[in-house]
Structure formats: C-alpha cells, structure tokens
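In what follows, a structure is listed as structure tokens, so that the remarks can point back to it.
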Amino acid sequence: DLRVMAFPALLREFNVTRELDMWKFPYQSLKKLYGAKYLNCTWSLEFDADSVIVKAMSFKEMFADMEQQPTYFYYLTDTDQDGIRNLNLKFGGALEGLTGHFCNWGYQGWFMERVALDHFFEYVESTHNSSMYRAAAEPEFRVLWSPVAFQSFVFWHLDRYPHYRFVNVVDTLRGFALTDYNKCFGRGWELEYVTNTVDHSCFEVMERFMRTFRYRFFRYHDWGSDEFLIRLLNTVPSLSIAACDGRAPQLLPTH
C-alpha cells in the first residue's frame, strides 16, 4: 500500500500552515519525523533516497529483529563536529563515568519506535515551548538530523527504554581483538572509511562484528575499499542495503 504525500500537505496534518526558512538537514529530518508520526506505526524505518538493496533480504525479518532487540550503534567523540556537544547537552548532559559526546556510527538502519518518537516530540516541544517544526527552525537546531538527534535522545533516556541496546563500536571492535584499527579506518569509525590497505585480520574482525549484530546497512562512497565490502557482502548473510553515491551495482555479491 503506497502513498505519496507532499511535505506541505503532511505539515497541514499537524496544523503547520506556514513554512519557515531553515537549514537543509532539519528540513529533511522533519519530513521523516512527521512522516513517522503520521503513519502511526509501532516501528518505522527511515531510508535515504540513495539507498539500494544489493541482495535478497526480508523486511519482515529485519523489523522483527529490531522489535525483539532494538539496537543502535555509536561511538564517543571529544570533538564538537556539527554541534554534537550541544545536542548531547540538550538531551541529557552527561552520564557518570562517560567521556565524550554521543554520536551515531553512520549505520543507516534508522528505526524509530512510536512510543519513543512521541516522547521525543514531547520533550523538544516542551523545552522549546513551540512545535517541533518551529524548534527545528532555530539556529541551535542545525544539528536536528533525525537519526543523530533521535538516537541521542533515547541514549540519554535509557531509564525509560531499558530494552534498547546501544553498541559502542570502538569498544566492541577492540574486544574482538581489532588492535590496529587505524589501519582499517583511515578517516573515521564508519564502514565507508575502510581503506584499501586492510589485512585479513581486520576483515575477520569486521565479519565477526557484523554477524554478531546481524548488521544490515552500510554506507558506501568511492573512497572505500570495493574488495573489502564485496567480501563482506559475500560472507555476512544479513548485510544487504547500501546508502551510496550511485555505484552500488559494483558491490553486487559474486555468488
């Protein structure tokens, strides 16, 4: 059952009749956030427009996995890239013993649970004394990129969502014996940054990590290693959806 709705029509469903000027990320995010609210499903999944399914997979199975064990991937950073520090402070400050700011790990599995989404809207609207739409138009909300903002919000309110699992990717990979991770990730802690200089031990750790957490999504750009990603697609059954720059056909599994 497919329905296409223009954004102004969607906004009118929430009594927003006048569009405001805002940066592109909040604008894009509001489409997804209000879209999920409008659908009124227990779980929803956001997709980037450039997402490509590169091999056979089951959406039913994917949603069942998320409902059984909601899982997000993150790392901690001490930088303030794109206002991440302000976003963390906005949603909860700091947890005892936690150093750094929460940042999602570029995993494109942007699931949202309706009960948490409603809580997210209520929190933003009450703290800003305005609608989510007007709050997103404020300069301080330039970082309202929905996956980062929503997951950060849930992370800082885990007392209400104890069934969620947040996987610290850096610590987990270290636990899987990835000792020289700088050799694998030339520019950052996301799969798209895997370099062409990876060795077999790095591949084995990444394969084990993805199998353990039934990893399904990956970002792909032309600075990554085609060979490395193709090997993962051929050996990790769950890995099947790419958010990419149009080169996804090159990543089709070889068997």
Side-chain angles (χ1 to χ4, degrees), residues 1-53 59-60 62-64 66-67 70 72 82-84 86-92 102-104 106-157 160-161 163-164 216-217 219 241-246:
D1 186 10
L2 179 64
R3 179 180 182 185
V4 178
M5 178 180 287
F7 191 40
L10 176 62
L11 290 175
R12 287 194 293 271
E13 295 290 329
F14 296 91
N15 300 315
V16 177
T17 57
R18 184 171 68 90
E19 292 196 52
L20 304 173
D21 291 333
M22 64 181 68
W23 198 42
K24 64 177 182 179
F25 279 164
Y27 187 81
Q28 292 172 352
S29 297
L30 287 170
K31 294 179 183 179
K32 300 168 183 175
L33 291 167
Y34 276 116
K37 287 277 284 186
Y38 178 78
L39 291 173
N40 195 25
C41 300
T42 304
W43 282 93
S44 58
L45 171 65
E46 303 177 23
F47 260 105
D48 256 1
D50 58 2
S51 296
V52 178
I53 298 173
F59 278 100
K60 183 177 180 180
M62 182 171 60
F63 271 89
M66 193 64 180
E67 187 170 359
Y72 293 132
D82 297 330
I84 289 297
N86 181 57
L87 187 67
N88 277 257
L89 293 175
K90 182 182 294 295
F91 291 143
F102 173 91
C103 187
N104 80 322
Y107 183 67
Q108 305 298 103
W110 296 336
F111 287 89
M112 292 189 294
E113 187 178 17
R114 180 55 190 255
V115 63
L117 179 64
D118 288 344
H119 184 198
F120 178 60
F121 266 77
E122 292 167 4
Y123 186 93
V124 172
E125 293 178 345
S126 64
T127 55
H128 286 264
N129 195 28
S130 66
S131 67
M132 173 69 80
Y133 185 82
R134 288 190 172 276
E138 297 178 11
E140 65 181 280
F141 250 107
R142 283 173 63 88
V143 292
L144 184 61
W145 182 34
S146 55
V148 177
F150 178 75
Q151 292 178 26
S152 177
F153 174 78
V154 175
F155 181 80
W156 293 115
H157 294 84
R160 292 186 58 163
Y161 307 105
H163 56 299
Y164 277 70
R216 297 180 183 276
F217 296 79
R219 292 176 67 180
I241 303 176
C244 60
D245 60 359

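Just so it is clear, the values below take in all heavy atoms, side chains as well, and ignore hydrogens, waters and symmetry mates.
- Partners of Arg160 according to the side-chain hydrogen bond (donor to acceptor under 3.5 Å, both in side chains) rule, which considers only residues two or more places apart in sequence or in another chain, are His119.
- Every residue two or more places apart in sequence or in another chain was checked for a salt bridge (charged side-chain N to carboxylate O under 4.0 Å, His left out) with Arg12, and none qualifies.
- Under the 30°/60° scheme for interplanar angles, the aromatic rings of Phe47 and Phe217 are found to be tilted.
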Under 3.5 Å, sequence neighbours excluded: what are the donor-acceptor pairs made by side chains of residues 35-44?
residue, atom, partner, partner atom, Å
Lys37, NZ, Asp118, OD1, 3.0
Tyr38, OH, Arg3, NH1, 2.6
Asn40, OD1, Arg114, NH1, 2.8

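- Every residue two or more places apart in sequence or in another chain was checked for a side-chain hydrogen bond (donor to acceptor under 3.5 Å, both in side chains) with Glu67, and none qualifies.
- Arg18 contributes atom CZ, which lies 12.5 Å from atom CG of Leu11 (distance to the nearest 0.5 angstrom).
- Atom-to-atom distance recorded for Tyr72:OH and Ser152:OG is 12.0 Å, nearest 0.5 angstrom.
- Closest non-hydrogen pair, Phe150 versus Phe111, comes out as CE2-O, 3.9 Å.
- Residues Leu45 and Met66 form no side-chain contact, since every pair of their non-hydrogen atoms from C-beta on lies 4.5 Å or further apart.
- Residues Phe59 and Ile53 meet the side-chain proximity criterion, which asks for heavy atoms closer than 4.5 Å.
- Side-chain contact check for Leu20 versus Arg134: some heavy-atom pair is nearer than 4.5 Å.
- Looking at residues two or more places apart in sequence or on another chain, you find a ring-ring contact (aromatic ring centres under 6.0 Å, His included) between Tyr34 and Phe14, Phe121.
- Counting heavy atoms from C-beta outward, Met112 and Glu46 have side chains that approach closer than 4.5 Å.
- Relative orientation of the Tyr123 and His157 rings is perpendicular, given thresholds of 30° and 60° on the angle between their planes.
- Taking the side-chain hydrogen bond (donor to acceptor under 3.5 Å, both in side chains) definition, one finds that Tyr164 meets it with Glu113, sequence neighbours left out.
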